[in-house]
K.L.:
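Supplied in structure tokens, the structure appears directly below.
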Amino acid sequence: MITTRFAPSPTGYLHIGGLRTALYSYLWARKNSGRFLLRIEDTDLKRNSKEAAQAIEDAFKWVGLSHDDEIVYQSQRFDLYKKYVQKLLDEDKAYYCYMSKDELDELRAQQQARKERPRYDGRYRDYKGEIPNDVKPVVRIKAPQSGTISFVDGIKGEVSFQAEDILDDFIIARADGTPTYNFVVAIDDALMGMTDVIRGDDHLSNTPKQIVVYKALGFEIPKFYHVPMILNPNGKKLSKRDGAMDVMEYQKMGYLPEALLNFLIRLGWSHGDQEIFSFQEMLSLFDPSNINKSASAYNGEKLLWLNAHYIKNASYERLTKELKHFDLDIEDHDKQEILVDALRDRAKTLVEFADMAKAILDTPESYDEKAVKKFIKEDSFEILLKYIAFIKVSEKPLRLPSDFEQITKEFMAKYNLKMKNLAQPLRISLVGSAVSPSVYDVLSILGVDEIVARIETFIHKQKD
RNA sequence: GGCCCGUUCGUCUAGCGGUUAGGACUCCGGCCUCUCACGCCGGCAACAGGGGUUCGAGUCCCCUACGGGUCACCA
């Protein structure tokens with residue numbers, strides 16, 4: 001069985017880079033009927049934040065990812081880690097190091113001055129001398145001092161390191177007794193039964209250290225997949241300004257979660273030429289082995305395009321429900337579907353959608369001056385007045401856009417008018433702007449009484 | 001700086017030794033049209049550079065350049 005996990009440190013909100021690796025892990029587990037676990041890496045008590053863990057859960061909920069089992073908090077497993085520290089101590093695979101922080105800093109400074117790689121010199125590795133009693137010791141693991149550490153990464157292929165290039169006896173427990181990251185990650189991944197670790201590229205160089213821990217503890221090493229970073233549009237590190245903000249900000253900006261997910265899965269992964277993936281398709285088609293090797297740049301325009309696509313194809317119920325988050329309630333509007341259909345092809349976000357809907361539903365407070373100047377001619381008022389008189393006495397019920405199209409054509413035929421004589425003046429008087437959905441749709445949505453009222457108001461205000 | 005990873009249109013990518021190097025976003029034309037969008041049709045645009053290997057290289061190997069990651073008692 002495949003088991004994957006998402007293991008963020010709770011230092012802030014969940015951003016799209018994290019969401020993407022979470023998505024990949026989720027998909028791979030679910031696709032294989034496996035398990036997807038969530039673990040909060042809060043070993044550093046100084047940098048803990050409960051809100052952050054909650055924020056991750058909220059974001060998961062919004063996009064529809066679910067995890068199995070209870071969330072694992074590393075801060076609650078210190079006793080467990082201590083046992084493993086002790087085990088290594090007992091087996092002489094780890095040892096106490098009494099070097100003070102100052103001494104260590106000094107050593108590092110010297111090494112750097114000599115242009116050497118900063119590393120612990122192993123002075124307490126097999127120390128038999130006097131133990132300084134004024135220093136609380138850290139625990140260091142005995143890492144191999146030579147040889148090759150290699151593994152086959154599911155994305156990068158074979159990766160190998162020389163022990164002497166990268167390793168030293170790194171700290172597994174701090175002076176205050178708390179364990180460190182590379183130690184607990186390996187333990188938890190092993191204990192939680194991880195078969196496939198899918199995580200950010202930035203962990204690639206941690207992997208050999210973790211392998212040292214796996215081996216020392218006799219754990220089975222999982223398969224690793226190191227997914228490349230997401231860069232900003234200029235190819236630099238992604239910042240908030242570029243889109244690395246809280247995933248929940250995307251909700252506020254009017255994005256549908258399926259658009260975000262579709263965007264993210266396609267950033268660094270592909271299935272031939274396919275661009276649109278339903279959740280079901282993601283599940284059936286995703287495979288980490290065709291994740292790209294190289295970093296990809298964030299492209300907000302493509303996200304927008306995808307969002308527009310999902311808005312176009314969303315159900316009435318769905319859009320009506322989502323729109324409520326944007327101060328627009330059309331639940332009980334009798335022309336709900338006509339309104340939605342009139343706008344769904346034009347809105348790239350739900351924010352735009354709501355704004356455009358309000359522009360139709362709300363009586364215009366003003367009229368675009370340029371539009372008035374350009375389209376309202378000498379005879380426009382007269383035409384508009386004739387128009388409302390004409391529709392008021394209609395014998396047929398006027399309800400659908402097609403009803404209005406028909407009667408409008410009859411009207412134009414009777415007075416020998418062209419659409420361009422009528423459409424823009426009508427539009428301006430109804431919504432205050434030269435831009436809107438089809439006038440037939442607008443007419444239908446408003447209904448005869450409102451049409452009459454708005455036209456009269458318009459003429460009245462313009463004549464002042 | 002050491003180590004590791006990477007490099008196909010501006011961007012996301014397809015390609016897994018033989019292709020007029022394909023698709024998508026953006027942009028630019030055109031069509032549709034009551035405006036704006038949508039949609040449809042068309043267009044611009046790429047194998048980082050240099051050496052090999054091979055009958056043949058975007059695809060395999062090496063070097064260079066450039067980019068990124070990492071070198072903590074952070075995760």
K.L.:
Report which part of the nucleic acid A/Tyr440 touches: base, sugar-phosphate, or nothing (heavy-atom distance under 4.0 Å, all strands).
P.N.:
base
K.L.:
Assert yes or no for the condition that the ring centre distance of A/Tyr81 to A/Phe183 is strictly below 6.0 Å.
P.N.:
no
K.L.:
What is the nucleic acid contact for A/Val439, judged by heavy atoms within less than 4.0 Å: base, sugar-phosphate only, or nothing?
P.N.:
base
K.L.:
For A/Arg108 and A/Gln111, does a side-chain donor sit closer than 3.5 Å to a side-chain acceptor?
P.N.:
no
K.L.:
Map A/Arg117 and A/Asn182 onto RNA chain B by nearest heavy atom, then report which one ends up closer to the 5' terminus.
P.N.:
A/Arg117
K.L.:
Could you tell me how far apart A/Leu304 (CG) and B/rA37 (C1') are, to the nearest whole angstrom?
P.N.:
13 Å
K.L.:
Over all strands shown, is A/Lys312 touching base, sugar-phosphate only, or nothing at heavy-atom distances under 4.0 angstrom?
P.N.:
sugar-phosphate
K.L.:
Taking the nucleotide of RNA chain B with the closest heavy atom to each, which residue, A/Ala295 or A/Ala423, is nearer the 5' end?
P.N.:
A/Ala295
K.L.:
Just call it for A/Arg108: base, sugar-phosphate, or nothing, with non-hydrogen atoms closer than 4.0 Å on any strand.
P.N.:
sugar-phosphate
K.L.:
Between B/rU33 and A/Ser438, is there an OP1 or OP2 to side-chain N/O distance shorter than 4.0 Å?
P.N.:
no
K.L.:
Please classify the nucleic acid contact of A/Lys293 as base, sugar-phosphate, or nothing, using heavy-atom distances under 4.0 Å.
P.N.:
sugar-phosphate
K.L.:
Looking for any heavy atom pair under 4.0 Å, which part of the strands does A/Leu204 touch: base, sugar-phosphate only, or nothing?
P.N.:
sugar-phosphate
K.L.:
Please work out if A/Thr408 contacts a base, only the sugar-phosphate, or nothing of the nucleic acid, heavy-atom cut-off 4.0 Å.
P.N.:
nothing
K.L.:
Looking only at atom P, what distance separates B/rG42 and B/rG51, rounded to whole Å?
P.N.:
39 Å
K.L.:
Can you build the contact string for nucleotides 18-26 of chain B? Use B for base contact, S for sugar-phosphate-only contact, and - for no protein heavy atom under 4.0 Å.
P.N.:
----BBBSS
K.L.:
Round to a whole Å and report the spacing from CD of A/Glu352 to P of B/rC38.
P.N.:
11 Å
K.L.:
Could you tell me which nucleotide pairs with B/rU59 by Watson-Crick or G-U wobble geometry, both distances under 3.5 Å, or answer none if nothing does?
P.N.:
none
K.L.:
Write out all pairs satisfying side chain to side chain donor-acceptor pair (under 3.5 Å) with one or both partners inside residues 373-384 of chain A, taking only residues at least two apart or from two chains.
P.N.:
A/Glu382-A/Lys386
K.L.:
With rounding to the closest Å, how many angstrom separate the C1' atoms on B/rG49 and B/rU7?
P.N.:
12 Å
K.L.:
May I ask you to verify if any side-chain N or O of A/Ser294 is less than 4.0 angstrom from the OP1 or OP2 atom of B/rC5?
P.N.:
no
K.L.:
Measuring from the side chain of A/Asp165 (C-beta onward, heavy atoms only), which nucleotide among B/rC34, B/rA37, B/rC3 has the closest atom?
P.N.:
B/rC3
K.L.:
Looking across every strand, which nucleic acid part, if any, lies under 4.0 Å from A/Lys115 by heavy atom: base, sugar-phosphate, or nothing?
P.N.:
nothing
